[in-house]
Amino acid sequence: MEMAQRARALQAQAQAQAQTQTHGQAEGLARGGGREVISLALGEPDFPTPGPVVEAACRAARAGETRYPPLTGTPALKQAVRDKFARENGLDFADGEILVGNGGKQILFNALMATLEPGAEVVIPRPYWASYPLTVRMLGGTPVFVDCPEADGFRLDAGALAGAIGPRTRWVILNLPCNPTGASCDEAGLRAIADVLRRHPHVWILCDEIYEHLLFTSQSHRSLASLAPDLLPRLLILSGVSKTYAMTGWRIGFGAGPARLIAAMSVVQGNATSGACSVSQAAAAAALRGDQGVVGVMRDTYRARRDRIVAALRAMPGVRCALPDGAFYAYPSIAGCIGRTSPGGRLIDSDKAFALALLEEQHVAVVQGSAFGMSPYLRLSTAAADAALDEACRRMDAFCRGLTLA
Ligand code: PLP
């Protein structure tokens with residue numbers, strides 16, 4: 001890719017990242033000595049990493065597991081990952097079909113870096129996790145978006161997906177449950193998506209299942225790979241420990257897919273990072289092998305918080321909120337607030353204007369929907385204690401009630 005083009009892509013990335021960093025602004029305000037800022041902007045669990053996981057890391061460090069780890073992951077963690085897929089997803093992967101990286105994010109990067117050439121298209125359901133289009137663009141590819149409207153519960157429609165796939169499509173990315181909407185897909189929907197993908201054998205499928213354990217529907221998570229094993233030769237599962245075990249800072253993610261793809265991704269990783277932190281890998285293995293009860297406790301807590309925040313949002317004038325199936329976000333529409341003026345005299349002409357005014361006037365940080373490709377919405381994280389959620393909703397409610405038509 002041309003230097004100037006790469007520079008533009010990197011600049012766009014920096015801007016988009018800045019958009020999602022209302023949290024930083026929020027901290028700035030807090031330091032300014034004003035009212036305490038409540039941040040519902042971050043996409044990471046507020047729970048501590050489970051104690052036995054931390055202990056396992058300490059033991060590994062003391063035992064001298066401090067040298068360069070094997071490039072694709074330690075044997076212990078790779079085996080734990082394989083066992084996880086067998087136990088939870090009914091999928092049997094060989095050692096050469098697993099790659100451990102520095103977070104799920106590096107798995108995404110490795111996969112796209114290994115396979116995209118300029119002009120290749122990547123189909124991305126919208127709203128999306130911002131890293132998908134940013135990484136695609138950074139690597140010279142072209143994102144092609146498929147809208148998942150609120151009226152459909154933000155769920156991906158197989159017919160709409162079919163319309164977005166063309167001869168230049170290299171990947172289709174599926175993120176279930178989804179960041180930022182929490183939308184998932186039932187078995188019938190997944191089967192319809194599988195049928196579409198079967199008709200396009202040149203397309204690779206990236207299933208980002210990093211939120212698989214944070215699903216609140218009566219149907220538990222079903223991996224597309226286990227439902228349509230015929231797609232496995234061109235399907236990569238991205239997952240990790242960040243969200244499930246409250247381990248964002250440990251930076252461990254993993255990918256499972258065909259050996260030839262994993263081999264190409266490993267070359268990218270080898271040149272970039274030489275593998276993932278050895279001590280974190282010991283911690284991740286302990287998380288996957290340890291008491292899974294903690295996962296259920298966190299899931300139940302997120303579910304209760306989802307119910308709490310959705311009820312509060314639905315009571316605010318000008319706000320609508322679909323019920324998220326999973327993850328730890330709510331994605332309310334603020335369409336009914338657009339065109340109004342805030343109590344502080346700010347014109348709310350976009351979700352970004354809403355988010356900034358809410359931060360300035362009520363000291364609540366949220367992320368505007370434009371950062372995820374669909375406006376006018378907000379993303380509120382439920383990774384916060386009940387008291388903080390209640391107070392944030394009380395302030396947002398007061399803000400909405402104070403909006404006037406100029
Ligand atoms: N996929 C999705 C949808 C995410 O929201 C995130 C993190 O926010 C990731 C992947 C990557 O997570 P990590 O790199 O912390 O493992």
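Order of listing sets the numbers, starting from 1, for every ligand and every atom in it. All values reported here derive from a predicted model rather than from experimental measurement. We number each residue from 1, following the sequence as shown.
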| request: Begin with the C-alpha distance, continue with both residues' side-chain angles, and end with the deciding distance and a verdict on ring-ring contact (aromatic ring centres under 6.0 Å, His included) for F328 and F216. | output: CA-CA 10 Å; F328 40 67; F216 317 130; 9.6 Å; no
| message | Which residues pass the side-chain contact (heavy atoms from CB on, under 4.5 Å) test with A225, not counting sequence neighbours? | response |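 side-chain contact (heavy atoms from CB on, under 4.5 Å) list for A225, sorted by chain: L91, S223, L232, L235, I237.
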| query | What pairs of residues pass the salt bridge (charged side-chain N to carboxylate O under 4.0 Å, His left out) test when at least one of them lies in residues 210-228, not counting sequence neighbours? | reply |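 Listed by first then second residue: K84-E212, E187-R222.
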| Residue among L139, N271, V267 satisfying side chain to side chain contact (heavy atoms under 4.5 Å, CB included) with M113 |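 In the set L139, N271, V267, the residue that makes a side chain to side chain contact (heavy atoms under 4.5 Å, CB included) with M113 is L139.
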| field | For K78, all residues meeting salt bridge (Lys or Arg N to Asp or Glu O under 4.0 Å), sequence neighbours excluded | value |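 Checked K78 against salt bridge (Lys or Arg N to Asp or Glu O under 4.0 Å); matches are D95.
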| task | Report all protein residues having a heavy-atom distance below 4.0 Å to some atom of ligand 1; order the list by chain, then number. | result |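 Those residues closer than 4.0 Å to ligand 1 by some heavy atom are G103, G104, K105, W129, Y132, N175, N179, D208, I210, Y211, S242, K243, R251.
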| Has R260 got more than 12 heavy atoms of other residues, nucleotides or ligands less than 6.0 Å from its CZ? |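 No, because the 6.0 Å sphere around CZ of R260 holds 12 heavy atoms or fewer from other groups.
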